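Residues: numbered from 1 along the sequence shown. Quantities reported herein were computed from a predicted structural model and do not represent experimental measurements.
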Amino acid sequence: MPPKIGLPTLFGQEYVTPEEIIRCQADVNYTHIFLKDGRKLTVAKTLKEYESILAVHGFFSSP
């Protein structure tokens, strides 16, 4: 079973695999996480907090 990442959203904790994530977008103190199924999750954590978690799964930052 692939590892899942816990994402604290307004509606509770959601768990997704890194393969489900298309991209992440910073929005001040929030991060918008776009998923393959078309959903957008907004979490109350900065993108910086997710950079190291996602880097080991092949994600990278762009300017």
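Taking CD of Glu49 as the reference point, atom CG of Leu54 lies at 12.0 Å (rounded to 0.5 Å). With values rounded to the nearest 0.5 angstrom, Cys24 atom SG is found 4.5 Å from Ile33 atom CD1.
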side-chain contact (heavy atoms from CB on, under 4.5 Å) assessment of Ile22 paired with Leu35: CA-CA 5 Å; Ile22 296 173; Leu35 304 176; 6.0 Å; no
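The number of heavy-atom neighbours closer than 6.0 Å to CG of Asp27, taken from other residues, nucleotides and ligands shown, is above 12.
Here the closest heavy-atom approach between residue Pro8 and residue Tyr50 is recorded as CD-OH, 3.5 Å.
Between the side chain of Lys36 and the backbone N or O of Glu19, at least one donor-acceptor pair lies under 3.5 Å.
In this view, Glu14 and Arg39 satisfy the salt bridge (Lys or Arg N to Asp or Glu O under 4.0 Å) rule, not counting sequence neighbours. With sequence neighbours left out, the side chain to side chain contact (heavy atoms under 4.5 Å, CB included) criterion links Pro18 to Ile5, His57, Phe59.
Tested against Leu41 for a side chain to side chain contact (heavy atoms under 4.5 Å, CB included), the candidates Thr31, Leu10, Ile21, Thr9 yield a single pass: Thr9.
Taking hydrophobic clusters as Ile, Leu, Val, Met, Phe, Trp and Tyr residues chained together by side-chain heavy-atom distances below 4.5 Å, Ile53 shares a cluster with Leu7. Hydrophobic clustering places Val16 together with Val43 (ILVMFWY residues linked when any side-chain heavy atoms are closer than 4.5 Å, directly or through intermediates).
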